[in-house]
Amino acid sequence: MRGNYIRSIRFQEFPHHKYPFNIKAITTLPEIEFTTPVTFLVGDNGVGKSTLIEAIAVAYGFNPEGGSLHLQFETHATHSELYQYLTFVRNAVLKPKDGFFLRSESMYNLTSTLSQMGDETLENYGGSSLDAYSHGESFLTLFMNHINDNGFYILDEPESGLSPEAQMALMVKIHELAEVKGSQFFIATHSPILLSYPGATIIQLSEQGAQLVDYDSVGFVQLYRRIMNDSDYIQRLFNND
Ligand SMILES: Nc1ncnc2c1ncn2[C@@H]1O[C@H](COP(=O)(O)OP(=O)(O)OP(=O)(O)O)[C@@H](O)[C@H]1O
Ligand SMILES: [Mg+2]
């Protein structure tokens, strides 16, 4: 049987107007509905993507610093109180076996914690110290080796440090987990490569709130196209044309 584990997320009344409840894109959010196995979150820097994604991850039971569901460690908690004001509408029948939260700011903390944890844990995460890998390699190694089951996966800018080829390898893995194993993904991204995942839902956050958009109308997709199709585009930017 197929379907999403988390069918939607509802918001309770917020208690005050300071951070994170001063973020327009979040306070104007209606219910978030998950209708496809892969859902992307896009929007400008500072619009509120990580704040939202971290709140969802913490409310779901992940460590605020990221990792799998059983991994509990604390370095420096910086997540907001938004997680207390979310309600999940869960699938009554489907239960995920696994899960992983990639927090964009804490990949380093996560990999060094795993490195300090003895061989058994490291076996699961690729068999050697993740510190020995480059930024992009450490996430890719961890994801390719550790993640094999159906699960709920929350990834904040997983493209960070990944070459286009590595992003495509990641997409093949996401496809396997989503289509073959029945996993659910919620991914914040600035990558036009990841965002091109066929059949995904794209939620765009902005000062006006949240909108469902299609790939071709996403601002950074249009901008990449203009830059790559027009060799003078950046020179004109310098000239203020
Ligand atoms: N601990 C905090 N206290 C107060 N404001 C914060 C805190 N953390 C983030 N903010 C503010 O909340 C807003 C949303 O930040 P957030 O990190 O969610 O943005 P984002 O959409 O993930 O951006 P990016 O694309 O750069 O990752 C920003 O204006 C940011 O400065
Ligand atoms: Mg962010």
Side-chain angles (χ1 to χ4, degrees), residues 6 9-12 14-32 34 38-60 62-67 74-86 99-111 135-136 138-140 142-143 152-162 164 166-167 170 174 185-197 200-213 215 217-224 227:
I6 304 296
I9 295 173
R10 294 178 183 152
F11 297 87
Q12 296 154 31
F14 298 140
H16 55 76
H17 299 288
K18 295 195 289 264
Y19 177 80
F21 309 114
N22 58 352
I23 301 177
K24 190 82 185 294
I26 290 178
T27 53
T28 54
L29 266 178
E31 183 170 352
I32 302 177
F34 296 105
V38 180
T39 302
F40 287 104
L41 193 60
V42 300
D44 290 341
N45 290 129
V47 79
K49 300 181 300 299
S50 296
T51 304
L52 178 62
I53 239 173
E54 282 166 27
I56 293 171
V58 173
Y60 187 78
F62 288 108
N63 188 300
E65 293 271 14
E74 195 171 331
T75 47
H76 177 58
T78 53
H79 62 288
S80 78
E81 60 188 299
L82 178 60
Y83 74 96
Q84 299 169 50
Y85 299 88
L86 307 181
F100 191 87
F101 168 38
L102 174 70
R103 182 178 190 246
S104 65
E105 275 84 5
S106 354
M107 190 60 205
Y108 174 76
N109 289 345
L110 176 64
T111 53
H135 176 195
S138 59
F139 166 62
L140 204 59
L142 192 152
F143 203 76
F152 185 39
Y153 298 107
I154 302 179
L155 309 176
D156 193 358
E157 298 190 29
E159 71 270 20
S160 172
L162 296 186
Q167 290 185 52
L170 175 63
I174 291 173
F185 283 84
F186 190 38
I187 306 172
T189 189
H190 294 290
S191 165
I193 299 177
L194 290 189
L195 198 66
S196 70
Y197 187 95
T201 300
I202 304 174
I203 301 172
Q204 179 167 273
L205 294 187
S206 72
E207 279 286 303
Q208 282 73 49
Q211 255 190 311
L212 288 181
V213 292
Y215 183 74
S217 67
V218 173
F220 68 74
V221 171
Q222 294 177 354
L223 185 58
Y224 272 102
I227 292 169

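Whatever order the structure lists ligands and atoms in, that order sets their numbers, starting from 1.
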Is there a heavy atom in [X] that sits closer than 4.0 Å to ligand 1?
X: Gly43; answer: no
X: Asp44; answer: yes
X: His190; answer: yes

Can you list the atoms of ligand 1 that are under 4.0 Å from a heavy atom of [X]?
X: Ser50; answer: 17 (O), 18 (O), 20 (P), 22 (O), 27 (O)
X: Thr51; answer: 14 (C), 15 (O), 16 (P), 18 (O)
X: Gly48; answer: 14 (C), 18 (O), 19 (O), 20 (P), 21 (O)

The Mg ion (ligand 2) reached by Asn45 (N, O or S, under 2.8 Å): no
Phe21-Tyr85 aromatic ring centre distance below 6.0 Å: yes
His16 atom NE2: more than 12 heavy-atom contacts under 6.0 Å: yes
Geometric class of the His79/Tyr83 ring pair [parallel <30°, tilted 30-60°, perpendicular >60°]: tilted
Geometric class of the Phe62/Phe152 ring pair [parallel <30°, tilted 30-60°, perpendicular >60°]: tilted
Between Glu159 and Thr189, a side-chain donor and acceptor under 3.5 Å: yes
Tyr215 side chain vs Ala200 backbone, donor-acceptor pair below 3.5 Å: no
Shortest heavy-atom approach to atom 13 (C) of ligand 1 - which of Ser160, Gly46, Pro20: Gly46
Spatial distance of atom OG1 (Thr39) from atom CD1 (Ile6) [nearest 0.5 Å]: 11.5 Å
Heteroatom proximity flag, Ile23 to ligand 1, N/O under 3.5 Å: no
